[in-house]
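Encoded as structure tokens, the structure appears first; notes follow it.
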Amino acid sequence: MAGVDVGEDFLDIATLAPESHHLSLTRVNLRNILSAPAETRLDTNALTSLSLMLAEKVPELRGAIVLVDSPRWPSDLDWSKPGVVAATHSKRGREIDVGLRALVYTLYKLDANSTLTTLSMFPTPPMRYFGAHLNSATCKPHLRMLGQELFGEALNHDYGAASGGVFTRFMIAGFSTYRALQAIGAEAYEGYPDLQFRLWRRHHQLLSKQKERTSALASRIRILSALARRLDISGSGQVQRLDEADAAILVLSIIAARQYGAIFILESPYEGRFMVALDEQEAQRFHQRNACRVTLN
DNA sequence: GAGTTATTTAAAGCGTGGTC
DNA sequence: GACCACGCTTTAAATAACTC
């Protein structure tokens, strides 16, 4: 079982091996795909380099269930088709996002005292956003290498100047991570650390990363430590970064949900699959135990 | 009460300014 | 020069606050 927090330059991976009671943290430097050994460079490519790096640095990932904090593909493309194919199933936003909002809204309606009110998610941008960033002269070399392999000839199109913020540019690394995980036999799901922290915080405060930057990490470490204690898992004390905390909550909340909560899987053939871990109380409100699969569309 | 406008929230990174 | 805090970038949706 593993959780992956995706950044432009790094993947932070939290793993818990079967029967193990220790959480391991690993940071993978994505810029290292530029320096693949010369003897293999001809036979290999950026996505293969990434999967080799993952398999070498985190061998437990082979055959693991992995939650990734990134969407699987641009919002206007169809994941079910090979290559770059425009999606036709949904014109307004992702089905996964709509499904998640409905889930959170239902939980709120079932408990008026719930602190879980609405769900704020940054929308996944369409292909033109990623195309414009990848075609920009200032694009980071390792992102360009990954992007060229992901999108191929679709990048020959003129997407205009890269506009807007760079918030969601990290998703190029996310799309690549799904491919690399697939290549090493991992079963990947999308996950959302902020939602998992809110669902598992119990009486602890969860402070905003944006507004209370200095206390945000401490508030997350308190939630992780409490959860790890309940599960009798060591190693949560290593968490020193927000990225590590995000990776750790993904894996710990899923393990906890398997023991005394419920797991929801939102599945869309066009967008991929999303996993949510519910704490005991929320699971009881839904009269759910173990896992529940919701097929979208 | 209906309609409009403002505010809030998530995501990662970059540039600036202050301190040591 | 290194390090840290801070403000800013985008989008969609829910809600709060406002006018008429």
Side-chain angles (χ1 to χ4, degrees), chain A residues 3-13 27-31 67-76 90-109 112 114-134 136-144 146-147 159-177 190-201 205-220 223 240-247 249-250 271 274 276:
Chain A
V4 182
D5 181 82
V6 181
E8 285 188 9
D9 302 332
F10 299 100
L11 299 179
D12 279 284
I13 305 173
R27 174 161 261 218
V28 172
N29 189 343
L30 294 172
R31 290 169 296 209
L67 275 90
V68 182
D69 176 21
S70 169
R72 200 177 287 254
W73 210 216
S75 62
D76 57 346
S90 172
K91 291 287 169 214
R92 287 201 61 191
R94 295 199 313 159
E95 284 179 343
I96 284 177
D97 295 2
V98 173
L100 269 180
R101 282 211 170 81
L103 176 72
V104 169
Y105 181 76
T106 308
L107 280 171
Y108 174 60
K109 285 288 153 191
S114 170
T115 51
L116 190 81
T117 50
T118 57
L119 188 64
S120 294
M121 283 176 294
F122 200 89
T124 304
M127 178 60 203
R128 66 170 183 277
Y129 170 89
F130 300 105
H133 274 287
L134 287 166
S136 153
T138 55
C139 181
K140 292 181 180 179
H142 67 282
L143 289 181
R144 181 176 287 129
L146 292 168
Y159 293 97
S163 64
V166 294
F167 287 92
T168 39
R169 198 174 52 188
F170 77 93
M171 291 174 187
I172 297 163
F175 305 151
S176 310
T177 302
E190 194 178 333
Y192 187 13
D194 185 70
L195 176 61
Q196 294 308 139
F197 270 118
R198 286 165 71 188
L199 284 165
W200 291 86
R201 71 183 184 87
Q205 263 196 311
L206 180 68
L207 300 174
S208 160
K209 287 187 200 176
Q210 209 70 32
K211 280 189 162 178
E212 295 114 331
R213 213 174 290 203
T214 47
S215 324
L217 175 62
S219 77
R220 281 159 179 76
I223 295 168
Q240 288 183 323
R241 278 189 281 251
L242 281 164
D243 301 330
E244 293 169 339
D246 283 351
I249 192 66
L250 289 175
E271 299 170 0
F274 194 107
V276 188

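Letters A, B, ... mirror the listed sequences (proteins, then strands); counts begin at 1.
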State which residue, out of A/Ile223, A/Val276, A/Asp246, fulfils the side-chain contact (heavy atoms from CB on, under 4.5 Å) condition with A/Gln196.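 Per the side-chain contact (heavy atoms from CB on, under 4.5 Å) rule, the option paired with A/Gln196 is A/Val276, out of A/Ile223, A/Val276, A/Asp246.
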Got a list of protein N/O to nucleotides 11-14 of chain C N/O distances below 3.5 Å?
residue, atom, partner, partner atom, Å
C/dA13, OP2, A/Arg92, NH2, 2.8

On the nucleotide C/dG7, are OP1 or OP2 found under 4.0 Å from the side-chain N or O atoms that A/Lys211 carries?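 No, outside the criterion.
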For the residue pair A/Thr168 / A/Tyr129, report whether a side-chain donor-acceptor contact shorter than 3.5 Å exists.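 Per modelled atom types, A/Tyr129 and A/Thr168 side chains form a pair under 3.5 Å.
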Could you give the CG-to-P distance, from A/Leu100 to B/dA10, as a whole number of Å?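 These atoms are roughly 16 Å apart.
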Could you give the NE2-to-P distance, from A/His133 to C/dT9, as a whole number of Å?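 So the NE2-P distance, A/His133 to C/dT9, works out to 15 Å.
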Hey, does the side chain of A/His142 reach the backbone of A/Glu8 with a donor-acceptor pair shorter than 3.5 angstrom?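 A pair under 3.5 Å: yes.
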Keeping A/Ser75 on the side-chain end and A/Thr124 on the backbone end, is there a donor-acceptor pair under 3.5 Å?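 Yes, A/Ser75 side chain to A/Thr124 backbone: donor-acceptor pair under 3.5 Å.
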How close do A/Leu119 and A/Arg101 get, counting heavy atoms only, and between which atoms?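 Looking at all heavy atoms of both residues, the shortest contact is O-NE, 3.5 Å.
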Shortest non-hydrogen contact from A/Arg128 toward A/Tyr159: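 Closest approach of A/Arg128 to A/Tyr159: CA-CD2, 3.4 Å.
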Looking across every strand, which nucleic acid part, if any, lies under 4.0 Å from A/Ser208 by heavy atom: base, sugar-phosphate, or nothing?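 Here A/Ser208 touches the backbone only, sparing every base.
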Within the 4.0 Å heavy-atom criterion, would you say A/Tyr192 contacts the bases, only the backbone, or no part of the nucleic acid?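 Counting heavy atoms under 4.0 Å across all strands, the contact made by A/Tyr192 is with sugar-phosphate only.
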Would A/Arg241 and A/Asp5 pass as an ion pair if we require N to O under 4.0 Å?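 Salt bridge absent between A/Arg241 and A/Asp5.
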Between protein and nucleotides 12-18 of chain B, map the contacts as a letter string: B base, S sugar-phosphate only, - none, heavy atoms under 4.0 Å, written 5' to 3'. BSS----
Working to the nearest 0.5 Å, report the span between CG of A/Leu207 and CG of A/Leu217.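 The CG atom of A/Leu207 sits 10.5 Å away from the CG atom of A/Leu217.
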